[in-house]
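To start, the structure itself, in structure tokens.
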Amino acid sequence: MEKILREILLKAVSAQHAEVSSIEIEIPKEENFGDLSAPAAMTLSKSLKKPPRKIAEDIVNSIENKEIFEKIDIAGPGFINFTFTKTFLCSELKELIEKQDTLLTEDIGKGKRVQIEFVSANPTGPLHLGHGRGAALGAALSNLLSEAGYEVEKEYYINDAGRQVKLLGMSVFAKYKQLHGEDYPFPEDGYRGEYIEELAKEFRVQSPEFGVKDDNTLLKEITDFSYKKMLDAIKKDLADFGVNFDSWQSERELYTPLKSPPYKGGEWGGELQKSEVEDSIDELKNRGYIYEKDGATWFRATEFGDDKDRVIIKREGDYTYFAPDIAYHRKKVEKGFDEIIDIWGADHHGYIPRMQAVIQAIGYPKEHLRVLLVQMVTLLRGGKPVQMSKRAGEFITLREVMDEIGADTTKFLFLTRRSDSHLEVDIEVAKAQSSENPVYYVQYAHARINSIFEKARQEAIGERQKAADFNGELFNDEEMRIIKKLLIYPMMFRNATMAHEPHRITFYLQEIAGMFHPYYHKHRVVSEDLEITKARLALCRAIQIVLRHGLKILGVKAPERM
RNA sequence: GCGCCUGUAGCUCAGUUGGAUAGAGCAACUGCCUUCUAAGCAGUGGGCCAGGGGUUCGAAUCCCUUCAGGCGCGCCA
């Protein structure tokens, strides 16, 4: 319905000789302001040098097909308020039922390729709640974008090369030694969770011989064994959470020498073999953004608005963590995506400028990389915060919460807030099977509608009726209000897509459920009156279609019964 | 000290990207199960949008400033 209005308005506005690329359409706050509203006259007032109300009149006068409108008002400082006819709204409802998802979505992406990298937790321990929130967001966003016509790749970056993995290995190594009765010192900043001992025990089962290999070989074996085990555990957590990836990029791989140079502009080639890390530094060097100072190698990040230049190779010759990140992001760019999205913990926000500097240094606008930040999750139990201390190795894992309140509930709750705002999750509330719990509230609406259909089938109405075969004139005001809300879904979908904000869907679903439940309570759908029954069944069908679509994007099940 | 984020009802948070008289859920008090599911519904209260200034037809939203909180500012990862 918005789309049609947009076209009509665009025509009418261009008849005023005004230059407009897009027309703003909004939902008025008050019902008696109409169904949709356009502030165009006010925006145009300056360039047309005419008072807004006059412009509004002119626009209204040049609208050609007025038959779909009940009325068009000019109100306030110059709003044009549109009220649609019941007939038109009902034909839109019919179309929604017939075309379903194609009417709900819009091809915004037009096949553009987007990569979303998310979670990417170090394989040094189980996923915690923050990772879970990132996972829920990443998955929902990728569903949203693919529904909007983007081609999406979901990637997980495995930090399997850095200090953290070494530390994991050393921790398990020490535990392993201790298991064999050696008084071996535990590393200072080692990982202290219970899983460290588990890993040591598992390793002992796998390779029972002790004291045969030298410590270095053993440490290397234990390290590889441990991080792979942890990665498996992470993969299982994610799978059980209902989040899957298309691609797993290993950091180690970026360090391994390649047969031929991936960077076409490079000087080297032939016998010489370089890794992607080396090669990406070469590229930056050739482009003139690398220099030596104090014995270290620097990236000229200030060239692109970062606070300071960044060291890539330390004086001792080691790479900083930033070096593989450069290689990694260059690799993303070279894969040819039209947009790259990274989802990071909010504590990493300081790295955005330097990463975007890299993007610009290799010749792309900084908007090519979009970073979404995910804030902390605070876990409450009956209103009291659940204490966690990472130092002692105690933290709430995604697994624990998922086991207690279920994956669907967890995901939904993670998506009830803007991602960059703090989130509080109360376990007790999440477990409650009542209106306190927004997840069930929405799912219940879906299940309830389903049982109405069940009833209709028993009464043999379902079989005799095509879903879109109903008389819309029979709808009462309350039903019309719901229908308008349903027809706004595409607008909400569009806005959520543009803003990359899946939580808007969560809010919308709560609103539509909040309209259905009271309606259900007041009016019987399946009744003696066959014509009214048919109309109401159609309305229920439409609500269900919308609920199902929204829940699908959130990655939450739409249960048939509860 | 510098930078980023946040500040909206008692609590948790939305606010259609600058629109009309500021919204929801929870918590609190009161009712409703012979009916298509009570995991539900009906009713009642609650605001200096942190403070101040500015930009304009119009500001919770943009700019400046003050205050409060969080995070980040390494040749750590």
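Keep in mind that the numbers below use all heavy atoms, side chains included, and drop hydrogens, waters and symmetry copies. The chains referred to below are lettered A, B, ... by the order of the sequence lines, with proteins before strands, and numbering in each begins at 1.
Within the 4.0 angstrom heavy-atom criterion, no nucleotide atom of any strand lies near A:Lys166. Across all strands, A:Lys308 comes closer than 4.0 Å only to sugar-phosphate atoms, never to a base (heavy-atom distances). Using a 4.0 Å heavy-atom criterion, one finds that A:His523 contacts the bases of the nucleic acid, with or without backbone contacts as well. Within the nucleic acid shown, A:Asp294 comes within 4.0 Å of at least one base atom, counting heavy atoms only. Here A:Thr297 lies out of heavy-atom contact (under 4.0 Å) with every strand. Residue A:Gln443 is classed as having no contact, given no heavy-atom separation below 4.0 Å to the nucleic acid. Residue-level contact check: A:Asn81 touches the bases, meaning some heavy atom is under 4.0 Å from a base atom. Across all strands shown, A:His517 has heavy atoms under 4.0 Å from sugar-phosphate atoms exclusively, and none from any base. Residue A:Pro52 is out of contact with every strand shown, counting any heavy-atom pair closer than 4.0 Å. If you check every strand for non-hydrogen atoms under 4.0 Å, A:Arg524 touches a base. Contact annotation for A:Asp347: backbone-only contact, meaning every heavy-atom pair under 4.0 Å involves sugar-phosphate atoms and none involves a base. Here A:Arg504 lies in heavy-atom contact (under 4.0 Å) with a base.
Enclosure of atom CD in A:Glu528 is not indicated, since only 12 or fewer non-hydrogen atoms of other residues, nucleotides or ligands lie within 6.0 angstrom. Heavy-atom contacts from other residues, nucleotides or ligands closer than 6.0 Å to NZ of A:Lys366 number 12 or fewer. For A:Met376, the CE atom sits in a loose shell: 12 or fewer heavy atoms of surrounding residues, nucleotides or ligands are nearer than 6.0 Å. Annotation: A:Asp477, atom CG; neighbour count of heavy atoms from other residues, nucleotides and ligands within 6.0 Å does not exceed 12.
Stacking annotation: A:Phe507 is not stacked on the base of B:A24 (requires ring centroids less than 5.5 angstrom apart and an interplanar angle below 30 degrees). Under the stacking definition used here (centres under 5.5 Å, planes under 30°), the residue A:Phe33 qualifies as stacked on the base of B:A20.
Listed candidates were B:C57, B:C75, B:U21. Nearest to the side chain of A:Ala296 is B:C75. In this structure, the nucleotide among B:C75, B:U12, B:A77 sitting nearest to the side chain of A:Glu316 is B:C75. Comparing B:C75, B:U16, B:A38 by their nearest atom to the side chain of A:Arg315 picks out B:C75.
Phosphate proximity of B:C36 to A:Lys455: present, with a side-chain N or O under 4.0 Å from OP1 or OP2. Note on A:Arg418: a side-chain N or O is less than 4.0 Å away from OP1 or OP2 of B:U6. Considering only side-chain N and O atoms, A:Lys431 lies nowhere under 4.0 angstrom from the phosphate OP1 or OP2 of B:A39. The side chain of A:Tyr508 contributes no N or O atom lying less than 4.0 Å from OP1 or OP2 of B:U16. Residue A:Tyr441 has a polar side-chain atom (N or O) positioned under 4.0 Å from OP1 or OP2 of B:C41.
Taking 4.0 Å as the cut-off between side-chain N and carboxylate O, A:Glu454 and A:Arg457 count as a salt-bridged pair.
Computed from coordinates, the A:Met376 CE to B:G72 P distance equals 9 Å when rounded to whole Å. Protein atom CD of A:Glu454 is 17 Å distant from nucleotide atom P of B:U35, rounded to whole Å.
If you check B:C49 for Watson-Crick or wobble pairing at under 3.5 angstrom, you find it has no partner at all. Using the Watson-Crick or G-U wobble rule with both distances under 3.5 Å, B:G1 pairs with B:C73.
With hydrogens and angles ignored, no donor-acceptor pair under 3.5 angstrom links the side chain of A:Gln375 to the base of B:U6. With hydrogens and angles left out, the side chain of A:Ser37 and the base of B:A20 share a donor-acceptor pair within 3.5 Å. Between the side chain of A:Tyr351 and the base of B:A77 there is at least one donor-acceptor pair of N/O atoms closer than 3.5 Å.
Checked against the 6.0 Å centroid threshold, A:Phe118 and A:Tyr156 do not count as a close aromatic pair.
Cation-pi check for A:Arg252 over A:Tyr227 is not met; the charged atom does not lie both under 6.0 angstrom from the ring centroid and within 45 degrees of its normal.
Where A:Pro39 and A:Trp298 meet RNA chain B, the nucleotide closest to each residue was compared, and A:Pro39 sits on the side nearer the 5' end.
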